[in-house]
Amino acid sequence: MRKLITLDELIGFRERVASAGGEEAETPTLVVCAGTGGQASGSNDILRIIKRQILEQNLGDKIELRITGCQGFCEMDPFILVEPQLHLYPRLKMSDVSKVIKAAIGGYVEEDLIYKEPQIGISFHSQNDIPFFKKQTRTILGNNQMLDPIRIFNYVERSGYAALEKVLSRAEPDWIIEEVKASGLRGRGGAGFPTGKKWELARASGDGQGQKYVVCNCDEGDPGAYMDRSLLEGNPHAIIEGMLIAGIAIGATQGIIYVRSEYPLAIKHTMIALRQARELGLLGEDILGTGIDFDIEIVRGAGAFVCGEETALIRSVEGFMGEPRQRPPYPIAKGIDGCPTCINNVETLANIPVIINRGAVEYAKVGTPGNTGTKIFSLVGKIRNTGLVEVPLGMSIGEVVHDIGGGPPGKARIKAVQTGGPSGGCIPAHRFDLPVDFDSLKEAGSIMGSGGMIVMDEDTCMVDVAKYFMAFLRDESCGKCFTCRKGTQRMHELLEDIAEGRGTLDHLDLLEELAVVVKDTSMCGLGQSAANPVLSTLRYFRHEYERHIIDKRCDAFVCKDLVGPPCQSACPVGTEAWRYVAYIGRGEYEEAYRVIREANPFPSVCARACDHQCEERCRAGTSGGDPIAIRALKRFVTDRIDPSTYAPVREEWKDGEPPRVAVVGAGPAGLSAAHILSLKGYRVTVYEAEPEPGGMLYCAIPEYRLPREVITKEIQSLLDDNIEVTCNASLGTDFTVDSLLEDGYSAVLLALGAHKSRPLGLENEDVEGVYPSIDFLKAFNQRGEQLAKGRVGVIGGGNSAIDAARTALRQRDVESVAILYRRTQLEMPAFDEEIEAALQEGITIETLISPTAIKTTSGLFSHLELVRNSLGAPDSSGRRRPVAIEGSEHVIELDTLIVAISEDSGVDCITPAREGGIEVTDWNTVKADPNTLVTSRPEVFAAGDVITGPNTIIDAIADGKKAAAMIDLQIRGEELVQPAKSIEPLLYVEATEVDADETLDHRIETPRASIDWRKRNFAEVEVGLSMQEARAEAGRCLRCDLEFCEKDQSEARVAGGHKK
Amino acid sequence: MINLKINGIDVAVEQGTTLLEAAEFLGLPIPTLCHMEGLTPYGACRLCVVEVGKAPASRLVTSCTYPAEEGLEIRTSSARVVRARKIIVELLLASCPQSKTIQDIAAAMDVRQQRFRQEQEDCILCGRCVRMCSEQMMAGAIGFTGRGQDRAIGTPFDAHSEVCRLCGGCIYVCPACELRCTYTDPEQAICGGCANIGPPCVEKPQFDDMMCYMQPCVACEIKED
C-alpha cells in the first residue's frame, strides 16, 4: 500500500476503491461470520470447506467469499449468508456446505437448509424478513456483515474514513464538538454522560501545551456482555476513525485502546488495522499533510473487572495496580500521568463517524429525546435468539425480548431481565413495557450499563442470581475501600445463608441496611453499584427471598440445599420418589408400596392419572437425558401389592367422645382429609352430592385412563369405622353450613371441587348437540349415555378437552373428532402424554383457532363459525394472547360440539356457600387463607379445586391432607402453624450396583395398547411394566438423595450428615 | 480563602484544606482510622464520610481526601452519615474485634453488637503502615498485594526486603494491634507485625547484635523454643 500524503489523495483513493467495488456487485458472495462466537461454533470448518471447494472446482470467478467478524446472530452460528439476495442458511453442518455453494452459484434457494422460524415453521428467504432482524436498526453492527476486518479496503469501500475526510477538510475543529453535542450522543459504556459535553471539557482542559490522551475503553468486564468485543473484532477501523476524530476535536495526539487480555482476536484484528492505517498514512505524524499528529497504541488489561472503571484504568495504563481514586479531580482534568484524558467506550466511538457522516440532525431522529441513537445489547440467557441486537433507544423491553429475541425457548415463562450486568438490576416481566433508555431503567432500579441483557425464566432463582453477582463483585473488588471489600463479602455470606436454608427475616433487614451503606460509602462505581443486584431483586422478588427463609423452599429448584432430592421436593405431598424407586431397584416391592402409601392415600389412582410433577424435575431429565418414568414405576408397585400391606398408625382420641368433623365432597381432597382425620381419632361424615364417591375421578376422568374398579378399591381401603359416607346429599338442598355446625360438628371442610364447565358465552350454547364437557363426561361415566354423534368438535386445550375428545372417539356413532384450540400446541395445558395418545388415536388438533358463533339448523346444532388467530403480546399469565386475524373467518360443519374451556365450582355450590357466610370470589371459587385453609368463617375450612379452580389430583390430595392437619390443630386449640421443614432424606437407602452394559440409556416407553384395538373400547389404554422393565428403569435413577448422605465416624453412611 | 458551610456554620479555609481538617478546625468530631497526621490521606476505611451537596444530589464522600470547594455545604452527622458509620463499625468489629481503637470507636458511636459472622483478622488494610514506610521512613519496603479478598500487606513477591531498616514504624502506627508485644504471654500476642513482614529476629539465626526496639519481643520467646 502506498502511503497517502495529502487529503486530496485520500479523496481520490476513496473514489477509486468505491468504484472498483461496484463492478463485483453481481457475483454472489458467501458471507461467513468468524468472530469469536462463530469460530467456537465451527465456522472455521465451514470456511475450510468453502475455500477448498473454490480452489478445487475453480469457482474463483463464480463466487466470492467474505470472512467477517461477529454479526450478532450467534444462536444460528455457523451460518452462511448469500449476498446479494440475503439468503441465510443457519446452523450448518460440514456436509451441508456444498449444497449451499451450489445454490448460491445457481441463484436459487436450498429449501432444506434455508432459515425457518421454529414455532410457525415458515421459511424466510431474505434476511431482512427474519423476525430477529426485522425490528433491529443495525446502524453500527450492520457494518460488521459488510466487511472483512483485516482488509482496510473493505472499510474504505463502505465510506470508511469519509468522516475523517470531512473533519480534515475543515480548518477549525470546534464544529466537531458542536455536532456531537447536537446529536445527543450519550456514553455507551454505562454512565450515559453526554459525549459532546465530555469532549468540550476535555478540549478546554489543560494549558494547551501538554500531552492529552484519548482512550478507548474496551475492558468490557460484565459477564454476558460482548458487544464491544464484536465491534473491535469486526470493525476496528470504525474505532480508529472515531478516535482520530476525537483526538482532533480535543487536541490530543496520543490515543490508547485499553483492551482486556481475554479478547485475543480483537487485539489481533486491531493490531492489523492499526498497522494498515499507519501504512496508508492515516495515523502518525503530519497526517495527510495537515500537520496533525495522532497515533494509537494498545494497552492490554490483566484480568481485573475493576479496570473498566476510569480511574483504575488510568492507573493500569500507568503501570500500577488497577485501583480507583476519588473524583474530583476527573480524568478530563488529571488523567494519565496527570494529563487531561478523555475516556470513551468502544460503541460511543463507533457512533462518531456515523454522526459526522450523517449529520447530527439526522442522527438525532433515531431514538427518543434525551436518548438518541441506537444501542447494541447482548441478549443472552433463557431466550430463543441469543445474540447481539441493535435497537433504537426507546424500544420497549418486551419488544426486544419477544419480537426480536423470539421469547422463551421452551415452556418455562420469562420472569425477568437483568440489565447492566452485575452493576445493574433486574426488571420483572410485568414491567416489560418500559422503554430501554438511560432514564427509564434508572427509575426502575436498574441501569442500562454497557448493554448486557440477561433473560431469566421461572427456572431461575433470583436469590441465586443475586448470590452469583455478589460472588463476582466480591472477587473483582479491588479491595481498597473497607466497605466495598467487606461489604461484598458479607452480602455474599448473607445470601449464601439464605440460599442454604440458614436465613432469617433479620438477615433480610441486615442485607438491605448493608446494601444501602455499601452503595453510599464506596469510592468507585464498582462498590456503589455492587448493591444493585441485591436491592433490585429485593424490590421485585422479595417473595422469593421470603420463600427461602420462611418456607425453606426454592421454587425454581436451583438452591440445592433447599430442594433436596428434586422428585420429593416437586411432589405436592412430598412423596419420597427416590426411595421407592430405590426399593424397586432392590426388588423390595412391599417396602416401596409403604413409602408410596405413607404420603399418598390414592396411590393406584395417581399411578394412572397423576401429572407427575416429580418427573418434570427429575435430574436425569433436567441434565439433558430422559426423566425416570416414576409414574409407571408407581403403577408397577400398586398393581402388585395389596393395600393391606400398609398399616397406618392410628390414634385414639384421649378425652371422652371424639369430636365430629363434616366433610362436604367425596373427591380426592375430601376423602384424603377424612382419612387423615380418622387416623387422628376423629369421627368424620362425608357428604357427597353425586350417587357415587370419587368426585372428578369418577365423574370426569374416563375409564380408559382410570378403571372404575381401581377407584372403588382404593376408596374402600380408605374407609374405616371412623368414616361414614352419605351420597346423594347436596349442600344447600339437603343441609347447609349452619345446619352442620348446629348438628354438633366441630369443623366443616368444603371440598366441593370445580366440576361445572364454563360456558363460551355464545348464543345457542344450550341447543341440542352442544354439551359442556363435564356434563358430557358425567352422562357417559355415570349413566352410560353416548351423546356424541358424527363429526365432533371439542373446544379447549386442557385435560378435560382431551378426555372429552378421546371419550367421544370411542362412542358408537362418532365419525371423527377434532380439538380446536386458540393458541399453539406448545401452550396447551393438557398433559403431553395425553396429547400424544390423542394424536395416536387419530384425533386432529387444530391450533390458533377460536369460535365466534354457534349456528343451528331446525333447532339442532349444525355448524360453527370460527376465526384464525395469531399470537400477540403476553397477557398476565405470561402466555401470548391470541389475536384474531381479520378476514380469516370461516365455517365448519359439525354434529356435536363439546365445550371444554375451563371449569369452576358452579353457582349451585357457590351460592349455598355464600349464604353460609363464606366469602367467595367473582369467578366462582371460595376464598381461603393460603396457609391455614380457613375460610371467612373460623370453623369452616376449604380444600382443593374449590379454592384454586381446576387443578390436579395430587394437589387436591395435598390440600386435603393439609386441611386435616389444620382442622386437628384448631380443634385441639393450637396455633394453625406448620413449621417449615427443608426437604432432605431422613434415612439412607443403599445404592444398588448397576451393570453399565445393562443400563438403559433412554427412558422406557409408556406401554400402551395398540391403537386400533383401544379406539373401539374403554379398556385401560396404558399397560403396566414388566418386572425386568421396572428394574431396568429404576436402575437409571441418579439417586440424588445420596448427595445428602455422608459417612459418619464409623464409615457408615447416614442421612443428613451434610448439614453443618 | 475558600468559604464553606459545615453543619450550618460558616468557615473560611485556605486552598488545599481537606474537609476533615476544616471540621477539626471547628472542633467537630469525625471518627477516622486510616487517617494519620503526617501521612497523605488514603480514604480506605470510609469512617470519615460526610454528606456534601443538596438533596437529592447529595452524596457521601471521605472528608480526609476531599478538598474544600467554594460554597460547599457539608453535614458531618446527618442521619445518612450516622447510619453509614454504624454499619462500618459493625463490619470492623466483625473482622477485628480485639483492636482497642476499633472498640473505642464502637463505644463512642454506641454500637454494642455486630450481626455478621465473626472473624478474627489482624489487619484491616488501612494502609497506614504502607504510607508510613514510604512517606515518613522513605523506605517503601511494604505495599498492597492482591485484589479484593486476597488483598494483603507484604513485600514485593513476598521476598525478604533489602530496604527494610527494621524501624518498627509500621507496627507503631497499626490501629489493629494496640498492645506492645506481650512477651509474658506469647499465646495472646496480637501484634500483626511479625506476621505481616519478617523482622530479622524471626528470619536471621543470629540476632544478638540486631537493632530491635521492642524489648523483649515475643519473637525472641518463640524463637527460643
Side-chain angles (χ1 to χ4, degrees), chain A residues 302-307 312 316 320-329 471-494 496-497 502 504 506-524 526-528 530-531, chain B residues 18 33-34 41-52 58-67 69 72 78 80-96 102 113-119 121 124-127 130 143-153:
Chain A
F305 173 74
V306 72
C307 285
S316 175
F320 296 106
M321 205 159 80
E323 231 179 59
R325 60 163 170 75
Q326 187 167 290
R327 303 178 299 174
F472 175 81
L473 290 165
R474 178 201 62 190
D475 290 339
E476 294 293 338
S477 162
C478 79
K480 176 170 166 179
C481 317
F482 184 71
T483 41
C484 174
R485 186 181 78 242
K486 279 300 174 192
T488 50
Q489 179 201 333
R490 297 301 187 171
M491 281 197 277
H492 181 259
E493 255 175 37
L494 285 168
E496 232 181 11
D497 281 346
R502 296 184 297 268
T504 64
D506 286 337
H507 282 161
L508 268 190
D509 294 334
L510 182 59
L511 191 57
E512 252 178 317
E513 264 188 74
L514 181 57
V516 168
V517 169
V518 171
K519 198 180 171 88
D520 263 352
T521 58
S522 294
M523 183 166 65
C524 80
L526 192 153
Q528 283 160 11
Chain B
T18 62
L33 250 190
C34 71
Y42 190 47
C45 72
R46 318 308 288 176
L47 260 180
C48 67
V49 287
V50 295
E51 193 170 358
V52 300
S58 64
R59 59 188 180 122
L60 298 187
V61 296
T62 44
S63 50
C64 63
T65 53
Y66 203 91
E69 287 169 7
L72 206 58
S78 68
R80 195 171 158 193
V81 168
V82 171
R83 182 180 59 196
R85 287 198 196 135
K86 284 194 169 176
I87 292 282
I88 294 173
V89 169
E90 269 194 63
L91 286 171
L92 283 165
L93 287 173
S95 292
C96 199
I102 293 175
Q113 48 129 26
Q114 68 86 6
R115 296 168 283 173
F116 302 101
R117 198 164 291 157
Q118 190 63 54
E119 287 175 339
E121 290 177 0
I124 54 164
L125 296 169
C126 66
V130 174
F144 288 107
T145 62
R147 180 184 77 213
Q149 304 296 303
D150 302 326
R151 195 168 165 93
I153 308 279

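Lettering follows sequence order; numbering is per chain, from 1.
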Separation of B/I87 CD1 from A/T483 OG1 (nearest 0.5 Å) = 11.0 Å
Sequence neighbours excluded, which residues qualify as ring-ring contact (aromatic ring centres under 6.0 Å, His included) partners of A/F482?
-> none
So, the side chain of B/R147 versus the backbone of A/G479: is there a donor-acceptor pair under 3.5 Å, distance only?
-> no
Residues B/R80, A/D520; criterion salt bridge (charged side-chain N to carboxylate O under 4.0 Å, His left out); working and verdict | CA-CA 9 Å; B/R80 195 171 158 193; A/D520 263 352; 2.8 Å; yes
Quick one: of B/V49, B/L91, B/T62, who has the most non-hydrogen atom pairs under 4.5 Å with chain A?
-> B/L91
Under 4.5 Å, counting heavy-atom pairs only, tell me which of A/L473, A/V306, A/D497 racks up the most with chain B.
-> A/D497
Heavy-atom donor-acceptor pair, A/R490 side chain to B/R117 backbone, under 3.5 Å = yes
Go through the steps for B/R83 and A/V516 under the test side chain to side chain contact (heavy atoms under 4.5 Å, CB included), then give the verdict.
-> CA-CA 9 Å; B/R83 182 180 59 196; A/V516 168; 3.7 Å; yes
Residue part contacting chain B, namely of A/E476, when any heavy atom lies under 4.5 Å = both
Side chains of A/D506 and B/R115: closer than 4.5 Å at any heavy-atom pair?
-> no
Roughly how far, to the nearest 0.5 Å, is CZ of A/R485 from CD1 of B/I124?
-> 8.0 Å
Which bit of B/E69 comes within less than 4.5 Å of chain A, counting heavy atoms only: side chain, backbone, both or neither?
-> side chain
Pairwise distance OG(A/S522) to CG(B/L60) - rounded to 0.5 angstrom | 10.5 Å
Out of B/E121, B/R46, B/E90, which residue meets the side chain to side chain contact (heavy atoms under 4.5 Å, CB included) rule with A/K486?
-> B/E121
Please flag which part of B/L92 lies under 4.5 Å from any non-hydrogen atom of chain A: side chain, backbone, both or neither.
-> both
Taken in chain and number order and not counting sequence neighbours, the residues that satisfy ring-ring contact (aromatic ring centres under 6.0 Å, His included) with B/Y42 are B/F144
Best-contacting candidate, A/S477, A/G322, A/C478, A/C484, against chain B by heavy atom pairs under 4.5 angstrom = A/C478
Selection from B/G127, B/G43, B/A94, B/P67 maximising heavy-atom pairs under 4.5 Å formed with chain A | B/A94
When rounded to the nearest 0.5 Å, the distance separating CD of B/Q149 from CZ of A/R474 is 5.5 Å
May I have the step-by-step check of side chain to side chain contact (heavy atoms under 4.5 Å, CB included) for A/M321 and B/R151, ending in yes or no?
-> CA-CA 12 Å; A/M321 205 159 80; B/R151 195 168 165 93; 3.4 Å; yes
